[in-house]
Amino acid sequence: MASMQTGTHAGGRSSDALVRFTQVKKSYDGIHYVVKDLNLDVAKGEFLTMLGPSGSGKTTTLMMLGGFERPTLGQIMLDGKPVERLPPEKRNIGFVFQNYALFPHMTVAENVGFPLRYRGIKGEAAREKVARALGRVSLEAMGDRRPAQLSGGQQQRVALARALVFEPSLVLMDEPLGALDKQLRERMQIEIKHLQTSLGITMVYVTHDQSEALTMSDRIAVFHDGRIQQLADPKTLYNAPENRFVAGFIGENNTMPCTLVGHENGLAVVRMADGSILKSAGAAQASAGGDLSLSVRPENIAQADGQPAPGTNLFSGTVTEVFFLGDHLRLSVTAFAGQAVTARIPVSAARGFKPGETVHLSCNAADCRLLEG
Amino acid sequence: MWLPSYATPSERLSRILVVGFAVAVLLFLIAPLFIIVPLSFSKDPFFTLPVREYSLRWYEDLFGNPRWFNAMVNSAVAAVLTTILATTLGTLAALGIARPDFPYRRAIMALLISPMIVPIVIVAVGSYLFFGQFGLTNTRAGLVFAHTALATPFVVITVTATLSTYDTNLTRAAHSLGASGLSAFFRVTLPNILPGMVSGAIFAFATSFDEVVVALFLTAAEQRTLPVQMFSGIRDQINPTIMAAATMLLTLSILLFVALALLTRKKTR
Ligand SMILES: Nc1ncnc2c1ncn2[C@@H]1O[C@H](COP(=O)(O)OP(=O)(O)OP(=O)(O)O)[C@@H](O)[C@H]1O
Ligand SMILES: [Mg+2]
């Protein structure tokens, strides 16, 4: 797998990268950088998602790759060649816009056939390709309609067919499912992922929906404030966030301030606000002295039972709220001198909790992460 | 329109006054129609109403008399050339101004619109003096240039309005699919801003065809347009051919107005 750094050096990069950003910076106004020192490789055939909150620079990054914006500084390589000065029409990249950008004055078939004329494909050959592309997105019968006569989901598929019909090796998508309802989104996620793998396309995908990113991606780059906060596969990102931002952005996390007091068996030993001692994995990132927090997901907190295994953290707190959510209970607890902690406890394992009572909870040291900040 | 049964007498009175005033204004505005159109079909060489006998003799004069016929041809040629120039220039200006990185947008927009606001006599005198230095007075080119300056603001305004609803991602999509700048413009941008261009073109045509002040200053007998011919006709010998010409102008205006209405209705649907 291609590697990447968010730092100033770019060592250890593999050679099969289709896309390579090297120290790319972008400023629209010459004062503020909305993309700051971006180093990113996308491997051939990879599904890479850029995930981040609004304004974090995802679209700007995609626009630079598509050729619609020029980087202020730095280099973008496509298939080994620098492309900062190459106009979009010479890049052979499929682009799906958030609002689909279908040409309203053309039929669906004309929309899909549009890129073919620039590639010298005409007549019967073009008709065949359009039919095949529409077939791939199950819109064979819609060729003669205008985009305005289609539903949102169908328009989305036309945009997809148009971006794929000329067989680009790289496809960029900017929140392509943002306008669809939840059910359709989930179906389209699977369809897009299926097309990407079956056609062997390299995909750079932008979303701010974390579950979408976790479902579809080979790797996810988490953007915040113009920088990549972490680049990893979904599992690593979920289980081992590298900093507080990622921990808070992907899924739900309890982050609790603490201080490092030592190490034991490869685990960090930390003191919480109320003086209690807990152990945590992820000690490598933590340098003693700075502000640290212990992070643990709600589903990794359980009710303490009789015989705690070694390496299990025990703590107690006062129940403030209990919510029944079908298969699990959501327990809000105050622990460690005023710190709010949320736990997700399976209904099968839960007894009746009442607000105000004291509960004993446990979490595995291996499920805890020590984060800076 | 009609008042409920519980309206007081003073409410009724004020309603009658308002409706009466509105009807009077409307009649005043369209009264010329009821005079000009019948007179143009009158057989009498004097303006007498009601018309005693109908004929097409003034229309025959309009098309048969070289002075009138040439004036109509001159007007049509000037209006067509003005429309082509103003639509091209106005569309290009609107496209440039719509770019997000265009500097001093407001100031330049105001400058482009100014011919619409400046009193027409000033435009006429100004272009007379200015064009004189280049030998453009008493030429068709001079008239077309001056009319283009008057007509271009309409095109800038209508195309700018269409562009404000144009999605620039369409142009970007065209580029990403392989279209170069020119090709993306003609195949994607142009078809989508066409309604605005056509509205602007209709305004431009009407501006040139109806215009009399600038034409008076800039034309000699040879380039004389229909409105100028009518104007001098009123001064020299009053003759019902003017009524025929006025009816023709009126018909053209109505046709242009209907075209515009059809166009905007299609756009909003
Ligand atoms: N054309 C532009 N001119 C000036 N500033 C811009 C332009 N486009 C984006 N920005 C600014 O750059 C920053 C990053 O914008 P960008 O569109 O890349 O964010 P994003 O991550 O795609 O956000 P979102 O999830 O809302 O789409 C924002 O602060 C935005 O205001
Ligand atoms: Mg965006």
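Keep in mind it's a predicted model, so treat the numbers as computed, not measured. Every heavy atom of this structure was used, including side-chain atoms; hydrogens, water molecules and symmetry mates were not. Reminder, nothing fancy here: chain letters follow the sequence lines and each chain counts from 1.
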Tell me which of these, A:Phe166, A:Tyr28, A:Phe97, has more heavy-atom pairs under 4.5 Å with chain B than the rest.
A:Phe97
Over-ring placement of A:Arg162 relative to A:Phe103, 6.0 Å and 45° cut-offs:
yes
Part of A:Leu102 within contact of chain B (heavy atom distance under 4.5 Å)
backbone
B:Asn169 and B:Thr171: side chain donor to acceptor below 3.5 Å:
no
Check this for me: does any side-chain nitrogen of one of B:Asp167 and B:Arg172 sit under 4.0 Å from a carboxylate oxygen of the other?
no
At a heavy-atom distance under 4.5 Å, which candidate from B:Ala173, B:Ala179, B:Pro191 has the highest pair count against chain A?
B:Ala179
Exactly one candidate in A:Gln196, A:Arg157, A:Gln156 meets side chain to side chain donor-acceptor pair (under 3.5 Å) with A:Glu191; the answer is A:Arg157
Pick one of side chain, backbone, both or neither for A:Asn92, based on which atoms fall under 4.5 Å of a heavy atom in chain B.
neither
